[in-house]
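Just below is one structure, and these are the notes that go with it.
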Amino acid sequence: MTTTDFKAKLRARAPLLGCFVKTPHPAVVEALSGAGLDCICLDAEHAPFDRGDLDACLLAARAGGLPALVRTPSGAAHEILAALDMGAAGVVAPHVRSADEARAVARAGAYGPGGRGFAGAVRGSASAAQSIGERLAEAAAQTTIVVQIEDVEAIDRAGEIAAVEGIDAIFVGRMDLTVALGESDPKSERALAAVKTVLAACLAQGRAVGMFTPDIAEVPSWRAQGASLFLLGSDQGFLRAGAARLRAEAGFGGASG
């Protein structure tokens, strides 16, 4: 899938499945490129990705034809610029609490007045031979901007955030939202009610909604309610689950102690 295809499908609310990548090494991305996922999300917010790590992983993703989003450490313009110049399909900006913050993220991810700095000879540009006009049009068609709602104050502002021009999707950070609500169970009544409130408000603005859920069995229900992008699990989780399954299937019982 090309980055243009990914953005078009996301905006059309087609079902898309990806996972988080927590290990900052291109071999992990290379392996996932053949796994049938629609995308991955390099988690530079919570995992130890430096700029060199992102560069190598994004190179591997582009070589494998796998759209790679980057969850930036914050919504800072220089972090968004770096990810996009290195060839990310888009960014996921965490902890967006207001329409003003969403506008700042959208501006940082787009060329134009007060927006993203222009450089032609970077991986994010398909060809250094493009004219400036061609590059601007290509970037607009390819770059995906996702903002993450995971704070209490953002719940009632979800519709305003979703309405911001230049935002392609809202991602519900359910685990952080659960903790922010003072809960410890992501299936608590308050946590589920908050997710449903955000989902409904964003869909009312015609915006695609993505989410993480700790329970894969919930996915059909959330899809029926309108969610379309699912970033589920991580490379590290897959390793742990595979090792545990190996032990059980080999007849060694539970975890060694």
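What you see below is based on every heavy atom in this structure, not just the backbone, and it leaves out hydrogens, waters and symmetry mates.
- In the hydrophobic clustering of this structure, Leu81 does not group with Val92; members are Ile, Leu, Val, Met, Phe, Trp, Tyr whose side-chain heavy atoms approach within less than 4.5 Å, directly or through other members.
- For the residue pair Ile145 and Ala106, the shortest heavy atom distance occurs at CG2-CA, 4.4 Å.
- Across every non-hydrogen atom of Gly173 and Glu150, the tightest pair is O-CB, 3.6 Å.
- Under the 4.5 Å side-chain criterion, counting only non-hydrogen atoms from C-beta, Leu37 is in contact with Leu17.
- Only one option out of Ile155, Val172, Val209 pairs with Val195 in a side-chain contact (heavy atoms from CB on, under 4.5 Å); it is Val172.
- From Lys187, atom NZ reaches atom OG1 of Thr178 across 11.5 Å, with rounding to the nearest 0.5 Å.
- A heavy-atom distance below 4.5 Å is found between the side chains of Cys19 and Phe238.
- Side chain of Asp235 to backbone of Val28: no donor-acceptor contact under 3.5 angstrom is found.
- Shortest non-hydrogen contact noted between Leu58 and Ala83 is CD1-O, 3.8 Å.
- No side-chain heavy atom of Val146 sits under 4.5 Å from any side-chain heavy atom of Ile170.
- Both Leu32 and Met86 are members of a single hydrophobic cluster when ILVMFWY side chains are connected at heavy-atom separations under 4.5 Å.
- Arg107 places no side-chain N or O within donor-acceptor distance of the main-chain N or O of Gly166, the cut-off being under 3.5 Å.
- Nearest approach of Cys57 to Leu42, heavy atoms of both residues: CB-CD1, 3.8 Å.
- Between the side chain of Arg97 and the backbone N or O of His95, at least one donor-acceptor pair lies under 3.5 Å.
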> Where do Ile161 and Arg207 land on the side-chain contact (heavy atoms from CB on, under 4.5 Å) test, with the steps shown first?
Replying inline: CA-CA 10 Å; Ile161 293 170; Arg207 198 68 70 201; over 6 Å; no

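- Here the straight-line distance linking atom OG1 of Thr144 with atom CZ of Phe6 works out to 5.5 Å at 0.5 Å rounding.
- If you take CZ on Arg11 and CD1 on Ile167, they are separated by 10.0 Å, rounding to the nearest 0.5 Å.
- Summarising the geometry, atom CG belonging to Leu136 is positioned 9.5 Å from atom CZ belonging to Arg116; distances are rounded to the nearest 0.5 Å.
- Rounding to the nearest 0.5 Å gives a distance of 12.5 Å between CG of Leu10 and OG1 of Thr3.
- Hydrophobic clustering (ILVMFWY, side-chain heavy atoms < 4.5 Å, transitive): Leu192 and Phe171 are in distinct clusters.
- Of all heavy-atom pairs between Cys202 and Ala158, the closest is SG-O, 3.9 Å.
- Counting non-hydrogen atoms of other residues, nucleotides and ligands closer than 6.0 Å to CG of Asp156 gives a total of 12 or fewer.
- Other residues, nucleotides and ligands contribute at most 12 non-hydrogen atoms within 6.0 Å of the CD atom of Glu165.
- Under the 4.5 Å side-chain heavy-atom criterion for Ile, Leu, Val, Met, Phe, Trp and Tyr, Leu16 and Ile216 are members of distinct hydrophobic clusters.
- In this structure a side-chain-to-backbone donor-acceptor pair under 3.5 Å is present from Lys7 to Ala140.
- Asp215 places a side-chain N or O within 3.5 Å of a backbone atom of Ala217 that can act as its donor or acceptor partner.
- Between Met175 and Pro186 the shortest side-chain heavy-atom distance falls below 4.5 Å.
- By the 4.5 Å heavy-atom criterion applied to side chains, Asp43 and Ser234 are not counted as neighbours.
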>> Run Phe20 and His46 through side-chain contact (heavy atoms from CB on, under 4.5 Å) and show every step you take.
In response: CA-CA 10 Å; Phe20 287 102; His46 291 296; over 6 Å; no

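- Residue Gln205 qualifies as enclosed at atom CD: its count of foreign heavy atoms under 6.0 Å is above 12.
- Looking only at side-chain heavy atoms (C-beta outward), Arg157 and Ile149 stay at 4.5 Å or farther from each other.
- The main-chain N or O of Ala82 is never found under 3.5 Å from a side-chain atom of Arg51 such that the two would form a donor-acceptor pair.
- One finds the OG1 atom of Thr143 at 7.0 Å from the OH atom of Tyr111 (value rounded to the nearest 0.5 Å).
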> Under the side-chain contact (heavy atoms from CB on, under 4.5 Å) criterion, do Val91 and Leu69 qualify, and how do the steps go?
Replying inline: CA-CA 5 Å; Val91 296; Leu69 303 170; over 6 Å; no

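- Linking Ile, Leu, Val, Met, Phe, Trp and Tyr whenever their side-chain heavy atoms come within less than 4.5 Å puts Val147 and Val152 in one cluster.
- Between Ala194 and Leu181 the shortest heavy-atom distance is CB-CD1, 3.8 Å.
- You'll find the side chain of Cys39 reaches within 4.5 Å of the side chain of Leu229, heavy atoms only.
- Remark: Arg174 engages Glu218 in a salt bridge, criterion side-chain N to carboxylate O under 4.0 Å.
- For Ile132, the CD1 atom sits in a loose shell: 12 or fewer heavy atoms of surrounding residues, nucleotides or ligands are nearer than 6.0 Å.
- Counting only heavy atoms from C-beta outward, the side chains of Thr213 and Leu232 approach each other to under 4.5 Å.
- A donor-acceptor pair is defined here as one N or O able to donate and one able to accept, closer than 3.5 Å; no such pair exists between the side chain of Thr23 and the backbone of His25.
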